[in-house]
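A quick note: this is a predicted structure, and the numbers were derived from the prediction, not measured. Just so it is clear: chains get the letters A, B, ... in the order the sequence lines come, proteins before strands, and each one is counted from 1. The figures here come from the full heavy-atom set of this structure, side chains too, leaving out hydrogens, waters and symmetry mates.
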Amino acid sequence: MSESYFYHALKINPDICIGCTRCMRNCPTQAIRVRDGRATIYENKCVDCGECYKVCPSGAVFVAEDDFESIYNFKYRVVLMPSVFMGQFPEDISASQIYSVITQLGFTHVMEVETSALIYSGIVNYYISQNEDKKPLISTYCPAIVRLIQVKFPSLVDNLIPIKAPVDLTAMYVRKKLTDDGINPKDIGLFYITPCAAKIAAAKTPVGEDESIIDGVLNMDTMYNMVLKKIKQEGSNYKKKQSANDVSSDGIILTLTNGEKRLTNFKKSFAIDEISNVMEFLEKVENDEIEDLEFLELRACDQGCPGGILTCGNRFLIKDRMMQRAKKWAERERNGVSSRKKEIFSQDEYLIANSQVGKILPRSMMKLDEDINIAFQKLTTIKEIERKLPHTDCNVCGAPSCGALAEDIACNNASLSDCVFVQRNLEVRNSLNIEESIEIMKKIWGEEKLKEFILNK
Amino acid sequence: MHTEFVVVEGDFANAGKASSDIKKTLKQLNIDNGKIKKIVVAVYEAEVNAIAHAYGGNIYVDLDSEKISVVIKDKGPGIPDIDLAMQKGYSTASPKVREMGFGAGMGLPNIKNNVDFLDIKTQVGVGTEITMVVNF
């Protein structure tokens with residue numbers, strides 16, 4: 001298609017892909033097609049939600065990550081660890097054990113991502129109170145949602161809250177703190193453990209920003225394996241390291257669905273998770289069907305970040321462990337053992353002053369052309385083609401639906417004869433012979449599949 | 001380009017079908033987001049009006065590269081006092097309709113605010129034909 005707007009962490013390995021169409025059928029933005037027997041992604045339509053990864057039966061969809069060894073490019077190596085990472089481990093593994101092991105893996109500092117949670121929600125609440133005219137305001141916490149709105153609901157981009165995510169605020173805080181301690185900024189490397197592909201894409205090409213403050217991204221499943229292996233090897237003989245006291249109870253559950261909404265105080269606000277639920281709701285928001293709506297917390301994954309594609313274990317168990325940990329923290333905060341106001345508040349002015357992101361722009365994937373006359377011609381063509389297609393959405397043409405094929409044809413990315421019904425019709429009218437039909441199928445499904453199922457049987 | 005939709009009396013569950021379809025089409029044409037919002041809000045209001053007050057009807061959409069024109073033609077009962085119906089807050093909606101969250105008396109005024117051209121032809125006992133146009 002046209003030029004690529006941004007980096008995608010989700011990729012398909014053509015050597016493993018079996019061309020089963022599952023990803024294509026489940027993609028919420030119809031960004032996948034089958035060509036030459038393999039799934040391929042239209043990059044400008046992909047929002048990195050990870051639905052394809054979840055349904056792939058062969059493991060062909062993968063998430064590209066930075067090489068772990070790249071942490072050694074820096075003298076000071078900070079790991080930014082989200083609370084959902086801790087939630088993956090069974091109850092008998094303590095936070096101090098995880099801190100201890102992760103330091104042994106090569107990091108000099110451990111910082112929990114949600115350290116900035118209360119500062120983040122304070123900035124968000126202030127922004128909402130100052131932007132009454134832009135209501136409903138939509139959280140930018142989940143980067144897949146930001147991209148979904150840019151490509152599919154462009155009229156709502158001005159409703160997005162242009163505030164940096166907690167991971168960026170925490171990264172800014174650590175960098176400032178270490179620099180204030182006299183460390184050369186060039187020697188500081190910040191590495192984020194991500195639960196999903198969207199956050200990698202956001203770290204590599206941040207929306208509304210020139211460059212990211214994060215130096216590298218490590219996949220949560222990889223890190224889980226590394227940490228758990230070391231814990232198993234060491235048994236109970238690990239060197240004790242006190243877990244940090246930077247994160248508050250509210251921070252621990254910020255990443256769960258409702259984690260942001262519960263820190264706001266609006267009459268009409270919603271916390272909605274899972275991408276198809278979000279899309280259904282945004283249709284209504286776009287039509288102005290919901291009156292007096294003030295705030296929306298939207299997450300692409302079920303249960304919020306525990307449902308991320310790179311988390312290990314069941315999302316409900318992860319969520320429960322996070323809730324238990326937050327409950328313990330809250331009790332300590334109530335008893336005065338620990339304060340909700342952490343050290344990060346010493347830098348609150350600096351963080352608030354640098355919390356805004358640049359303008360978030362729409363980049364509609366729906367438009368057929370910039371020029372309305374050409375777009376109108378294409379639309380007319382689509383309507384004509386749709387009348388010729390059987391509306392069976394059988395996927396045999398390599399597109400997710402008859403409607404998607406019609407659009408592909410109008411944009412010169414497919415041919416009408418890619419449809420098996422049209423092929424039979426052409427054969428009946430002697431405009432196409434069997435060899436030509438097989439040639440068409442070969443382009444879509446690849447030579448191997450054709451040999452295996454048609455030519456050699 | 002011409003498209004048609006059927007409006008069924010009392011079928012609030014399906015309100016928004018025509019406006020959603022129009023929205024998708026206008027996004028494909030890369031129409032300004034503000035203009036899309038205007039026509040979508042106006043058509044949605046008109047759909048709900050026809051569902052709440054009329055005995056069903058049809059929606060006819062005509063589209064070219066300069067404008068969109070939408071006609072909502074219902075089968076009655078017609079509007080006895082059109083000036084009154086154009087006033088904000090005036091509604092003849094039944095308590096049942098109001099309970100469902102509709103019938104606040106904002107329908108026609110809201111349509112008028114969102115379109116470039118509005119024409120209402122109505123005859124009591126026969127029906128109402130609303131024509132609205134938004135220029136691109």
Subject >> Residue Leu29(B) versus chain A: region with a heavy atom under 4.5 Å >> reply: both
**OP:** Using a cut-off of under 4.5 Å on heavy-atom pairs, state which of Val43(B), Leu63(B), Asn33(B) scores highest against chain A.
**Re:** Asn33(B)
Original post:
chain A heavy atoms under 4.5 Å from Leu26(B): which part of the residue, side chain, backbone, both or neither?
Top reply: neither
Original post:
Is the number of heavy atoms from other residues, nucleotides or ligands within 6.0 Å of CZ (Phe421(A)) greater than 12?
Top reply: no
**OP:** Compare all side-chain heavy atoms of Asn30(B) with those of Leu368(A) and state whether any distance is below 4.5 angstrom.
**Re:** no
Original post:
Do other residues, nucleotides or ligands put more than 12 heavy atoms under 6.0 Å from Asp116(B) CG?
Top reply: yes
Original post:
Between Lys23(B) and Glu286(A), is the closest basic N to carboxylate O distance under 4.0 Å?
Top reply: yes
**OP:** Please check if the side chain of Lys27(B) supplies one atom and the backbone of Lys152(A) the other of a donor-acceptor pair under 3.5 Å.
**Re:** yes
Subject >> Top contributor to chain A interface from Ile36(B), Thr25(B), Asp64(B) [non-hydrogen pairs under 4.5 Å] >> reply: Asp64(B)
Original post:
Once you round to the nearest 0.5 Å, how far does OG of Ser364(A) lie from CD of Gln28(B)?
Top reply: 9.0 Å
Original post:
Rounded to the nearest 0.5 Å, what separation is found between the CD1 atom of Ile372(A) and the CD atom of Glu66(B)?
Top reply: 8.5 Å
Original post:
Would you call Asp288(A) and Tyr44(B) a side-chain contact if the rule is heavy atoms closer than 4.5 Å?
Top reply: no
Original post:
Between Gly16(B), Gly34(B), Ser19(B), Ser65(B), which residue shows the highest count of heavy-atom pairs closer than 4.5 Å to chain A?
Top reply: Ser65(B)
**OP:** Using atom types as modelled and distance alone, determine if a side-chain donor or acceptor of Lys383(A) lies under 3.5 Å from a backbone N or O of Met1(B).
**Re:** no
**OP:** Report, as yes or no, whether the 6.0 Å neighbourhood of atom NZ on Lys73(B) holds more than 12 heavy atoms from other residues, nucleotides or ligands.
**Re:** no
Subject >> Any side-chain heavy-atom pair of Ser20(B) and Asn287(A) under 4.5 Å >> reply: yes
Original post:
What part of Glu407(A) gets closer than 4.5 Å to chain B, counting heavy atoms only: side chain, backbone, both or neither?
Top reply: side chain
Subject >> Lys38(B) atom NZ: more than 12 heavy-atom contacts under 6.0 Å >> reply: no
Original post:
Does NZ in Lys67(B) sit with more than 12 non-hydrogen atoms of other residues, nucleotides or ligands closer than 6.0 Å?
Top reply: no
Original post:
Near Lys121(B) NZ, under 6.0 Å, is it more than 12 heavy atoms from other residues, nucleotides or ligands?
Top reply: no
